[in-house]
Structures are given as structure tokens and as C-alpha cells.
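Below: one structure, written as C-alpha cells.
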Amino acid sequence: MNHQIAIAGSDVAFACHGGESVLDAALRSGIELPYSCRKGVCGNCAGRVEQGEVAGIGNAAIRNETCAPDQVLFCLCAPQGDLTIAPSSWHRIDPGARKRFTAKVFRNQLAAPDVSVLQLRLPAGQRAKFQAGQYLQLAVGDGSTRSYSMANPPHESDGLTLHIRHVPGGAFSARVPSLQPGETIELELPFGAVALDPDSTRPIVFVAGGTGFAPVKSILDDMAKKKVQRPITLIWGARKAEGIYLRAAVAKWQKQWPDFRFIAALSEETEAAPEAGAFAGRVDEALVEHCPRLEDAELYGCGSPGMVSAVRNVAEKRCGLDPKRFHADVFVDGPASGPPPSGTA
Ligand SMILES: Cc1cc2nc3c(=O)[nH]c(=O)nc-3n(C[C@H](O)[C@H](O)[C@H](O)COP(=O)(O)OP(=O)(O)OC[C@H]3O[C@@H](n4cnc5c(N)ncnc54)[C@H](O)[C@@H]3O)c2cc1C
């Protein structure tokens, strides 16, 4: 059964089909609400229901620890009647902007012992349109899909670069080291609504765990291209120094922005200073040590659910970050969720 969903304080309304989440109905109708994982983990889609009732799809919990008491997760709830909602932000998008491509492996390099940098090329003449920080979904072959963040900036639009950690036994990632140039991959993009304010001049802190560096690289390369000037700190965590796999990119940013701060947080190192610019400990500990005052800052945390949650916790409780300026990009594992693929290239 269809229900109408209105956005408070606007003349925008859209229909929600039976079984559809509030978020999917909005996206299908060309209204973008903030979102990332679509699995109820990142909390980016949290917003208020001003009128009407919602219920969790398949009995899913409609709140998590990132929600304020009056908020629900729009990715997991369905209307029980007509609704008026107050998302944290929204804007109109072209609902047909998402495209499917058959991409070819161009280059596949081992960047760290368990990380491949996979470069894909699109068919001649085709271009991928996305924003820095967004992700794609690729077909695994068993009917399911997996999500991967673009690591290249949007202006390099004839290809896609992915940083993929090999998960032992993983249906897709464990196969990645053996992918050969010329092999094809079916994919669709873009997904995710990047909440970073392009016009902000606030200090920005990126905290990445492992391949959580991928979207950060896309965002920083995009900022470099646009000659954005704002104080930038990057804290990148790995177990050991070999997990910090693209130092050349970091060196380039340090050259472009002389006061760019880089801290490699190495959780399995016990020495106080295992190498120049490194911190012996986890990324959340490095954040408290190197960025104790975040009242004016914006923070982008990307990696595993546990890492992002630990960073959010210390950033807000110990460093004074305004929760509205915490942007989460959470690599929740398993098949991607969401509606079936939309338009084609
Ligand atoms: C928005 C988004 C963006 C993402 N971007 C990236 C990216 O840029 N790079 C990247 O490497 N990954 C990324 N991921 C994770 C990725 O989508 C896959 O979940 C991951 O690669 C595992 O897929 P798989 O098919 O190899 O393993 P699966 O077959 O899905 O899982 C196999 C087994 O391993 C477990 N498992 C899966 N992942 C992990 C893990 N990380 N740690 C421990 N156990 C695990 C599963 O629970 C399962 O038991 C992203 C996820 C999301 C939601």
C-alpha cells in the first residue's frame, strides 16, 4: 500500500510503496537525504518523524546509538500511514543519475600485504559521474553485490580506482588478487550522499582505518584540484607501518598544503615513535592526542563500524566535536542492501 511522505517546512511530498524504506522512497523520487551504509549502522540518515508512525522493515531496530532520542533511521523504517518527516538535510537529485557499467580491469597492484589497488576502465567514451566520497556496488556473481568507495577523484572519470582489503574467505575480496587485466566487472554508481560542506573553511580532520583511506583519497585529491584552503589533518590507522600503503599521495598533499598534518596510527607498534609522523596506538587514541580541541572542526571518519564508533565517541565526548559535524562512512560487511539496480549506461 502506498503512503505519502511530506518534508516538513517544504512543499515536497513523495509516495512510498509497500515494503520500501523512507530513504529508498525519497531517493527513487529524486529527493536525496543524507545516507551511507543503508544498513542502520552509520547513522547518517537519522531524522525526525513529525507526524505519523513508522515501523522497522523486517522488525529491524529503527534507532541506534547515533540517534538523538527523537530520531529514527530512515534507511530501516517504513511508514505505517502518511508521514511528515524532518531529515537533517535534503536536496533534489536526478533519480536517473545512477548508471550501470561493464568495467574492465586495467591494473591490479598489491599495495600492502592484504590490500589491492584495483584500477578499472569504463568502455570507450563512457564517463562515471560521482562526488568524492561516494561508492559503487559491484556484482559478485551469486546475485549479490558489494560496496566499494571510489578512491579516484571525480575529474578522473574514465576509470574507477578501488582499494580492496582481502577478507579471508570473502566472496569478492578474496578473489581480487587473482583478477587479471581485461576481466570484466558489472557495477553501478553512484551511491551515498556526502555530507561534507564544500564551502566550509573550518578545520577538517579525516580519520581512516585501513582501506577507509579510499574515499579520503578521493576527497583530498578533489580538494587539491579545487585548491581548497583549510586546515587539514589526516589520521590513518593500520596495524603496522606496511598497512599505510600510499605514502606518495600523502607526500603530494604535504607539498600542496604545507601545514597539512599527517599521523599514521599504528596499533600493533609499541614504541612511542616507531617512525617519523607515526603514533603507536589506535586512531581514536591518536585523535585525542593530536586533536584534543575539535569545537570548530568538521570530522570525517571512515572504516569498520567499530573504528568509526570509537572515533565518534572520543571526538564528541572528549574533543568537543559538534555531533552535527561528524560524518561517518562505515564499511559494513556483507552484501549491499537497497533497491534493485536502476538505470543503465
Ligand atoms: C559503503 C561501503 C563502502 C565500502 N567500501 C570499501 C572499500 O573501499 N574497500 C574495502 O576493502 N571494503 C569496502 N567495503 C566493504 C565491502 O563492501 C565488503 O563488505 C568486503 O570487501 C567483504 O566482502 P567479501 O565479499 O569479500 O566478503 P563476504 O563474502 O561478504 O564475507 C565473508 C565473511 O567475512 C566476514 N567479513 C566481511 N568483511 C569483513 C571485515 N572487514 N572484517 C572481518 N570480517 C569480515 C563476513 O561477515 C563473512 O563472514 C565497503 C562497505 C560499505 C557498506
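Here the structure is a predicted model, which is why all the values come from computation and not from measurement. In listed order, ligands and their atoms are each counted from 1.
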For atom 53 (C) of ligand 1, what's the nearest protein heavy-atom neighbour? Residue, atom name and distance, please. V332 O, 3.4 Å
Judging by distance only, is a nitrogen or oxygen of A171 under 3.5 angstrom from one on ligand 1? yes
May I ask whether atom 48 (C) of ligand 1 is less than 4.0 Å from at least one protein heavy atom? no
So does A297 get a backbone contact from the side chain of R325, meaning a donor-acceptor N/O pair under 3.5 Å? yes
Residue and atom name of the nearest protein heavy atom (relative to atom 25 (O) of ligand 1), distance in Å to one decimal: R146 NE, 2.6 Å
Would you say H163 and ligand 1 have an N/O pair spaced under 3.5 Å apart? yes
Heavy-atom side-chain proximity of I31 to R92 below 4.5 angstrom: yes
Nearest non-hydrogen protein atom, atom 13 (C) of ligand 1: F331 CD2, 3.5 Å
By number and element, which atoms of ligand 1 are closer than 4.0 Å to a non-hydrogen atom of R165? 11 (O), 40 (C), 41 (N), 42 (N)
Are the side chain of N152 and the backbone of G159 linked by a donor-acceptor contact shorter than 3.5 Å? yes
Pairs involving residues 170-190, ordered by first then second residue, that meet ring-ring contact (aromatic ring centres under 6.0 Å, His included) (sequence neighbours left out): Y148-F172
Under 4.0 Å and counting heavy atoms only, is there anything from the protein next to atom 19 (O) of ligand 1? yes
For atom 38 (N) of ligand 1, state which one of I164, D333, D142 supplies the nearest heavy atom. D333
Taking a cutoff of less than 4.0 Å between a non-hydrogen atom of the residue and any ligand atom, is V330 in contact with ligand 1? yes
One finds that the ligand 1 atoms under 4.0 Å from a non-hydrogen atom of F172 are 24 (P), 25 (O), 26 (O)
Walk me through it: do D197 and R202 pass the test salt bridge (Lys or Arg N to Asp or Glu O under 4.0 Å)? CA-CA 10 Å; D197 176 1; R202 289 179 185 280; over 6 Å; no
Under 4.0 angstrom from atom 6 (C) of ligand 1, is there any protein heavy atom? yes
Using a strict 4.0 Å cut-off to heavy atoms of T211, name the atoms of ligand 1 that fall inside it. 9 (N), 10 (C), 11 (O)
So do K217 and T161 actually touch side chain to side chain, heavy atoms under 4.5 Å? no
Identify which of G303, G306, G170, G210 has a heavy atom lying nearest to atom 27 (O) of ligand 1. G170
Please work out, at 4.0 Å between heavy atoms, whether the side chain, the backbone, both, or neither of Y148 comes within that distance of ligand 1. both
Suppose we call two aromatic rings close when their centres sit under 6.0 Å apart. Are Y245 and W236 close by that rule? yes
For atom 17 (O) of ligand 1, find the nearest protein heavy atom and state the residue, atom name and distance (0.1 Å precision). S147 O, 2.6 Å
Which residue and atom name correspond to the protein heavy atom nearest atom 8 (O) of ligand 1, and how close is it? S149 N, 3.2 Å
Among all protein heavy atoms in this structure, tell me which lies nearest to atom 34 (O) of ligand 1, with the distance rounded to 0.1 Å. V167 CG1, 3.4 Å
When you look at R230 and E298, which way does the salt bridge (Lys or Arg N to Asp or Glu O under 4.0 Å) test go after all the steps? CA-CA 11 Å; R230 59 194 289 194; E298 194 173 8; 2.6 Å; yes
Is the side chain of K39 donor-acceptor paired with the backbone N or O of D333 at a distance under 3.5 Å, no angle test? yes
If we ignore hydrogens and angles and just use 3.5 Å, is the side chain of D296 paired with the main-chain N or O of P203 as donor and acceptor? no
Would you mind checking which non-hydrogen protein atom is closest to atom 26 (O) of ligand 1, with the distance to 0.1 Å? S173 OG, 2.6 Å
Taking V49's backbone N and O only, do any of them form a donor-acceptor pair with Q51's side chain (distance below 3.5 Å, no angle check)? no
Q126 side chain to P123 main-chain N or O, any donor-acceptor pair under 3.5 Å? no
